[in-house]
Amino acid sequence: MEAPESVIRPPSSNNGAKGSRRQLYVIGGIASFMFMLFVILPQQYAWMTNEMEVHQPVNHNLTHHHEIIETVPVTIVCQLSGEMGNNLGKLGRCMSLKWWLESGAFYNSTNKLGYSARVALRHQQHNKWVRGAQDLQRCFPNTNQFDFSEANNNEFADIWKMQHQLLGGDERVEANSPFHEINSIDEKEIVSGLQSFVSEASKHHAMVYNAASKRNVSLPFLFSAQFQNLPLEDRFHEEIRQFFRFNESSCCKVMADPDENVFHYRNFKKEMPKRWNSYGFTKLIHSKQLICLDTKGR
Ligand SMILES: *[C@@H]1O[C@H](CO)[C@@H](O)[C@H](O)[C@H]1NC(C)=O
Ligand SMILES: *[C@@H]1O[C@H](CO)[C@@H](O)[C@H](O)[C@H]1NC(C)=O
Ligand SMILES: *[C@@H]1O[C@H](CO)[C@@H](O)[C@H](O)[C@H]1NC(C)=O
Ligand SMILES: *[C@@H]1O[C@H](CO)[C@@H](O)[C@H](O)[C@H]1NC(C)=O
């Protein structure tokens, strides 16, 4: 194992970052919804029911930490997309990968290495990333630590190429990357991706300086481009709740933005069994309970 002493400067070139691929907005929407459902809503609810709630101990298995003889800094490059909800899902997964690497779960008694992981963000090419980043930083103060453009520069494209030359994958940024199993929905595959990553990092490791963003990226690095999934969500639920602490006073507004829609759902059929149909309410979904929309904005 070589200690991470060397800083490599990538050769400069004119290769720009490739345009981001079309994102699966529906999946993103579902991911955001799940995120709201399992993380943010319970958090808000906990605040309402018990302000003095004591957080449960975290899942980290730190059994072997005292035996670690060296901690290797590694970078998780995190590809974002869409607006606040999508960003939450993507960042949630990157943070989960970070906590997993740092947990000691990948401790190996042969090399006795530990890992400290840093998340480096790469925003999408569409300019709505600006709005997504602003909303995220306004609502979740812990996201203020990030430079959302850290990996959006030619220097990062060069670092990507260096990894491609060492370990294969695709030479185009955002295309197939080494250790891509970490983007799986299957927990076993994620473990196998992380396992091959730490195995590679314990054999060859360097810090590459990105002069554009003035930060080091580890070689090898991980490239995470997927939304959070339930196994990771369950495993790091407490950490996620703490990290995505919600700033109610700066996030909850009385007025919606001009491009936002506010839906107010009410079960008028049950509340007003005689007159619900005479007010011009529009039928949206017919299921066991009828959901009606008040078209007059009431
Ligand atoms: C922690 O990891 C060690 C070694 O892998 C294992 O023996 C132990 O059961 C784990 N503890 C918990 C609480 O998971
Ligand atoms: C531990 O790391 C060494 C070299 O770094 C590797 O050869 C070995 O397979 C690893 N052991 C496990 C159980 O992953
Ligand atoms: C980059 O890594 C080198 C070697 O570990 C270190 O000396 C330097 O301070 C780091 N620079 C930044 C900006 O983190
Ligand atoms: C939450 O937002 C308010 C209003 O913008 C701000 O004054 C406060 O410092 C924020 N709190 C945190 C923890 O960032």
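Atoms within a ligand are numbered from 1 in the order they appear, just like the ligands themselves.
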Exercise for review: With heavy atoms only and a cut-off of under 4.0 Å, state how R138 meets ligand 4: side chain, backbone, both or neither.
Suggested key: neither
Revision key, fill the gap. Only one of Q125, K128, Q124, K90 passes side-chain hydrogen bond (donor to acceptor under 3.5 Å, both in side chains) with S81, and that residue is K90
How far is [atom] from the closest protein heavy atom, and which atom is that?
atom	result
atom 9 (O) of ligand 2	N108 ND2, 4.7 Å
atom 5 (O) of ligand 2	N111 ND2, 3.0 Å
atom 3 (C) of ligand 4	S249 OG, 3.5 Å
atom 1 (C) of ligand 4	N247 ND2, 1.5 Å

Point to revise | Polar proximity ligand 4 side, R245 side, N/O cut 3.5 Å exclusive | key: no
Please tell me if [atom] is touched by the protein, where touching means a protein heavy-atom distance below 4.0 Å.
atom	answer
atom 11 (N) of ligand 4	yes
atom 14 (O) of ligand 2	yes
atom 7 (O) of ligand 4	no

Point to revise | More than 12 heavy atoms of other groups within 6.0 Å of I185 CD1 | key: no
Check your understanding: Is the shortest heavy-atom distance from the side chain of I190 to the side chain of L97 under 4.5 Å?
Key -> yes
Check your understanding: Quick one: does T143's side chain get under 4.5 Å of L91's, heavy atoms only?
Key -> yes
Exercise for review: Would you mind running through ligand 3 and noting each atom that sits below 4.0 Å from a heavy atom of K214?
Suggested key: 13 (C)
Practice item. State whether the shortest distance between N or O atoms of Y209 and N or O atoms of ligand 3 falls below 3.5 angstrom. Key: no
**Study point:** Numbered atoms and elements of ligand 2 in range of S202, under 4.0 angstrom, heavy atoms
**Key:** 5 (O)
Review point. If you measure only the distance, is there a donor-acceptor pair under 3.5 Å linking the side chains of S116 and E102?
Key: no
**Study point:** Between N210 and N216, a side-chain donor and acceptor under 3.5 Å
**Key:** no
Check your understanding: With no hydrogens and no angle check, is any side-chain donor or acceptor of K203 less than 3.5 Å from a backbone partner on E200?
Key -> no
Check your understanding: Hey, do the aromatic rings of F179 and F221 have their centres closer than 6.0 Å?
Key -> no
Point to revise | F246 ring center near F140 ring center (under 6.0 Å) | key: yes
Practice item. Identify, by atom number and element, the atoms of ligand 4 in contact range of S250, meaning under 4.0 Å from any of its heavy atoms. Key: 1 (C), 2 (O), 4 (C), 5 (O)
